[in-house]
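Lettering follows sequence order; numbering is per chain, from 1.
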There are 2 protein chains.
Amino acid sequence: MENHGDEYKHYWETQYFLENQEYGSPDGAPSSAASRNIVSERNRRKQLNQRLFALRAVVPNISKMDKASIIKDAIDYIKQLQEQLAGIQAEVMEMENNNPETKVRQQLPLLLRSHNTNIFNPTSSPIQLLQLKVTPMGDNTLLVSITCSKRADTIVKLCQLFESFNLKIITANITALPGTLVLNTLFIEADEKEKDGLKMQIETAIAALSDPQSRMS
Amino acid sequence: MENHGDEYKHYWETQYFLENQEYGSPDGAPSSAASRNIVSERNRRKQLNQRLFALRAVVPNISKMDKASIIKDAIDYIKQLQEQLAGIQAEVMEMENNNPETKVRQQLPLLLRSHNTNIFNPTSSPIQLLQLKVTPMGDNTLLVSITCSKRADTIVKLCQLFESFNLKIITANITALPGTLVLNTLFIEADEKEKDGLKMQIETAIAALSDPQSRMS
DNA sequence: CCTTACACGTGACTC
DNA sequence: TGAGTCACGTGTAAG
């Protein structure tokens, strides 16, 4: 549509900038009175066109080079920018309010937004590890037993942790007890020698999760 | 500065819109040939001024009502918006990286990146629900029993789902069996009447998660 | 008086 | 030829 490159070469801005290069008063003409206005007018128009040209430059997707269309496109673009910015700012606000799990919240429309006290508590709740055992059961099987205190998202984090390890999990069981405890039991297919390595791995991962490093803006 | 309210009342747009109310051809004038151009021109100017007026309307903080200044202000404003948006988008990107899943991934250097087939598989793996029962156990307790097929992240999603519901969970148990099944059992403190509502809620949430709606850019 | 900023009509040009 | 857009010079009102 609108064959760029050929079409526009006659257009005003192009031909305008070619011709419009100072023009002043070649002779010692009177230049007084009325005739001084016309050069003034020329400059006014020149400036106005420059500005319009500049406006066109900052607006992407300009279709018609029409003066009026340029302004219209600029208006639409400004509105679009304003909307985007408003939307994104809202998003940021929301994210800042409830740190990590905003994503989940936004993927589930109604249900979540209805009763939203603060399950996803903003103060990042690291996993508090109470006990960690890795026991070889023979038969290429390790029994991993984890006990930690129940905080918001503890279970989710545990799941993610182990899913990310890419282990050969035979069975996994997570139980949240009525009290404050979360028990996690996994049977993993792995050599007995990996016992200590795996334990280290888990400890390191949990420690990293609880790490209060990343900048608090 | 610039005494608003008095100053601008003589300005072009104001007086322009007062006078400019159709003007057409009062008599059966020839209106042919050249004279038809002048009305065309009038309309062109009119439209152009309208657009300029509209442009001024979407730009806050316009100081001088100058035509050229309006455009200039619009340009500056657009640039400002673009910068703001770019900045905020960067901020959002950064925040999204701090989300739980990504966090685990990025904060745990070696361990995860080493064996990272695609546990967090990009192709959203919806939860495939095989069975859902909500049974009143008396004593203000509901037993929720879920069976679904084991896919990547299924457990994580289930956890997030229930954490987000803000239910009074007495005990929760998730078990991944050696086969392809994931069993989820919860004891929830709730009135018997909420049975069907809760079931619906769970079904809806799972459906929403699996929904292939949101745009695939 | 001079300057600024505008709307107008007109001829030129393109599609 | 006819509709659309443009730059130009001019008259004019306000500061």
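Of all heavy-atom pairs between B:N173 and A:N173, the closest is OD1-OD1, 3.1 Å. Shortest non-hydrogen contact noted between B:Q89 and A:I88 is CG-CD1, 3.4 Å.
Rounded to whole angstrom, the span from the CG atom of A:N43 across to the C1' atom of D:dG9 amounts to 14 Å. Rounded to an integer number of Å, the gap from B:I38 CD1 to C:dA12 P is 17 Å. For the pair B:I70 CD1 and C:dA5 C1', the computed distance is 12 Å after rounding to whole Å. For B:R45 and C:dC8, the CZ to C1' distance is 5 Å, given to the nearest whole Å. Remark: P of D:dT5 and CG of A:L52 are 14 Å apart, rounded to the nearest angstrom. As a whole-Å value, the separation of B:R44 CZ from D:dG2 P is 21 Å. Taking atom NZ of B:K46 as the reference point, atom C1' of D:dT5 lies 18 Å away to the nearest angstrom. When the P atom of D:dC6 is taken as reference, atom CG of A:L48 falls 12 Å away, rounded to whole Å.
The phosphate of D:dA7 (OP1 or OP2) has no side-chain N or O of A:R42 nearer than 4.0 angstrom. Proximity of B:K67 to the phosphate of C:dA7: a side-chain N or O atom is located under 4.0 Å from OP1 or OP2.
One N or O donor and one acceptor, one from the side chain of B:N37 and one from the base of C:dG11, sit under 3.5 Å apart. In this model, no side-chain donor or acceptor of B:R36 finds a partner on the base of D:dG4 within 3.5 Å.
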Intermediate values then yes/no, side-chain hydrogen bond (donor to acceptor under 3.5 Å, both in side chains), A:Y77 and B:Q82: CA-CA 10 Å; A:Y77 182 58; B:Q82 286 173 336; 2.7 Å; yes

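A:L52 contributes atom CG, which lies 11.0 Å from atom NZ of B:K67 (distance to the nearest 0.5 angstrom).
Summary of the strand contacts: B:A68 and B:E41 both lie near DNA chain C, and taking for each the nucleotide with the nearest heavy atom, the more 5' one is attributed to B:A68.
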